[in-house]
Amino acid sequence: MRVLVKGAGVAGLTAAFELTTRGAEVTVAEIGCGLGGSASWFAGGMLAPWCERESAEQPVLDLGRGAAEWWDAVLPGQVTRAGTLVVATPRDAGELDRFASRTSSHRWIDEEEIARLEPDLAGRFRRALFFAGEAHLEPRTAMAALHEKLVAMGVDFRFATDARQLSGFDREIDCVGMAAGDERLRGVRGEMLILHTPDISLSRPVRLLHPRFPLYVVPRPDHRFMAGATMIESDDSGPVTVRSMMELLSAACALHPAFGEACIIETGAGVRPAFPNNLPLVEASGDTVRINGLYRHGFLLAPAMARQAADFLFSKDKPVELAHETDRQRRSA
């Protein structure tokens, strides 16, 4: 079976892998000149299904539960399994209680254990939630590694190519996100900063809860940190706004004042495709299977959605049920 995958973001790459391992001959067409043209490039890379359950429906937890294992199996050494730490300043202690009430698979820890897990946060927070089963990866490194692996597996990549120029395929997998032109989708803009400071070390993603502008900080190599969390209802992919930068930097300094002396080495914004209920969907129309609506959960949900799409293409017994598996999960949420 010859399959054309449209889009080289995380959805397209994971779909290409699932299809190739099942024997398909895969070509990936990407309108951009390289891997950096999608919202995936600006992702946090947190494989945190239990934390995400705080604001997401149950299917996000169900679909994302096996993401760390998938990435670890496909790209050994790329996943860091150090859990997630969730903190709040004393005046926002109620936010921590609220977060705990909406999530599971965590345990409360005190100042002493916070200091043991993250020595640079010693004395800054009285208590925290620790999600020991969660993980993270560096999205750009993971995408580059997966691209390299797919090339070695025989996948043909066509960058700077309009998929409409290609023909001769048995099936298509559409993973182009907002470019699909689906009127059901809306854009949710996410902005991020990359900060560098040798004065702070973190071993895992840390989420700082705040009623107006919550923050997550994800450690990167060489004392670099990705700071993000904005969710703006907009399809504008332009530069980071002054308001967002001020809020992100203010929250980062609340996490640790040394971030006030950090260098801002990169800013960026990506537009995540979301359906009205913020849940993903795999669906078919003719010879095309579409994966879309991953919202803010790209790296977390892409493996499960890629498997569903591959199941649909290769199943001869129950294609309709497979196509609408996520719809059933939505209705039961």
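Position 1 is the first residue of the sequence, and the numbers go up from there.
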> Transitively linked via ILVMFWY side-chain contacts under 4.5 Å: Tyr295 with Ile232?
Replying inline: no
>> Would you call the rings of Phe157 and Phe159 parallel, tilted or perpendicular, taking 30° and 60° as the class edges?
In response: parallel
>> On a heavy-atom basis, which atom in Glu18 and which in Ala306 lie closest, and how many Å separate them?
In response: CG-CB, 3.8 Å
> Between Leu63 and Ala304, which heavy-atom pair has the shortest distance, and what is it?
Replying inline: O-CB, 3.4 Å
> Given the rule in the side-chain contact (heavy atoms from CB on, under 4.5 Å) test, do Glu191 and Phe42 qualify, once you have shown the distances and angles that lead to the verdict?
Replying inline: CA-CA 8 Å; Glu191 297 162 313; Phe42 301 105; over 6 Å; no
>> Regarding Arg81 and Asp72, does a basic nitrogen lie under 4.0 Å from an acidic carboxylate oxygen?
In response: yes
> Under the 3.5 angstrom rule, does the side chain of Glu30 hit a backbone N or O of Gly32 as a donor-acceptor pair?
Replying inline: yes
> Does Arg212 pair with Glu247 as a salt bridge, N-O distance under 4.0 Å?
Replying inline: no
> Quick check: does any side chain N or O of Thr80 sit under 3.5 Å from a backbone N or O of Ala82, one acting as donor and the other as acceptor?
Replying inline: no
> Given Met46 and Thr84, is the side-chain contact (heavy atoms from CB on, under 4.5 Å) satisfied, shown in steps?
Replying inline: CA-CA 9 Å; Met46 294 177 292; Thr84 303; 5.9 Å; no
> Can you check side-chain contact (heavy atoms from CB on, under 4.5 Å) on Ile173 and Ile291, steps first, answer last?
Replying inline: CA-CA 7 Å; Ile173 305 286; Ile291 302 174; 4.0 Å; yes
>> Test your reading of the model: is there a side-chain donor-acceptor pair from Asn292 to the backbone of Gly177, 3.5 Å cut-off?
In response: yes
> Sub-3.5 Å donor-acceptor pair from the side chain of Arg207 to the main-chain atoms of Tyr216, do we have one?
Replying inline: no
> Hey, is the main chain of Leu121 close enough, under 3.5 Å, to the side chain of Glu118 for a donor-acceptor pair?
Replying inline: no
>> If you take the centroid of each ring, where Trp contributes its six-membered ring, are Phe225 and His256 closer together than 6.0 Å?
In response: no
>> Treating Arg204 as the side-chain partner and Leu117 as the backbone partner, does any N or O pair qualify as donor plus acceptor under 3.5 Å?
In response: yes
> For the residue pair Pro303 and Trp71, what are the closest heavy atoms and their distance?
Replying inline: CG-NE1, 3.6 Å
> Does the pair Glu112/Arg116 count as a salt bridge with the N-to-O cut at 4.0 Å?
Replying inline: no
>> Closer than 4.0 angstrom, basic N to acidic O: yes or no for Arg2 and Glu25?
In response: yes
> Under 4.5 Å between any side-chain heavy atoms of Ser38 and Met143, yes or no?
Replying inline: yes
>> Let's go through Asp222 and Arg224 carefully: what are the C-alpha distance in whole Å and the side-chain angles of both, what is the deciding distance for salt bridge (Lys or Arg N to Asp or Glu O under 4.0 Å) to 0.1 Å, and is it a yes or a no?
In response: CA-CA 6 Å; Asp222 303 321; Arg224 298 186 179 199; 5.3 Å; no
>> Before you tell me yes or no, could you show the steps for Arg296 and Val188 under side-chain contact (heavy atoms from CB on, under 4.5 Å), namely the whole-Å CA-CA distance, both residues' side-chain angles and the distance that decides it to 0.1 Å?
In response: CA-CA 8 Å; Arg296 54 178 286 171; Val188 181; over 6 Å; no
>> Would the distance check show the side chain of Ser40 and the main-chain N or O of Val10 forming a donor-acceptor pair, the cut-off being under 3.5 Å?
In response: yes
> Taking Thr161 for the side chain and Ala29 for the main chain, is one N or O donor matched with an acceptor at less than 3.5 Å?
Replying inline: no
> Would you say Ser250's side chain and Met246's backbone share a donor-acceptor pair under 3.5 angstrom?
Replying inline: no
>> Take a 6.0 Å sphere around CD of Glu261 and say whether it holds more than 12 heavy atoms from other residues, nucleotides or ligands.
In response: no
> Would the number of heavy atoms belonging to other residues, nucleotides or ligands and lying under 6.0 Å from CD of Glu266 be above 12?
Replying inline: yes
>> For a 4.5 angstrom cut-off between non-hydrogen side-chain atoms, does Arg220 reach Glu138?
In response: yes
> Just wondering, do Glu54 and Arg98 contact through their side chains at under 4.5 Å, heavy atoms?
Replying inline: yes
> Is the backbone N or O of Ser244 less than 3.5 Å from a side-chain atom of Thr241, with the two atoms forming a donor-acceptor pair by type?
Replying inline: yes
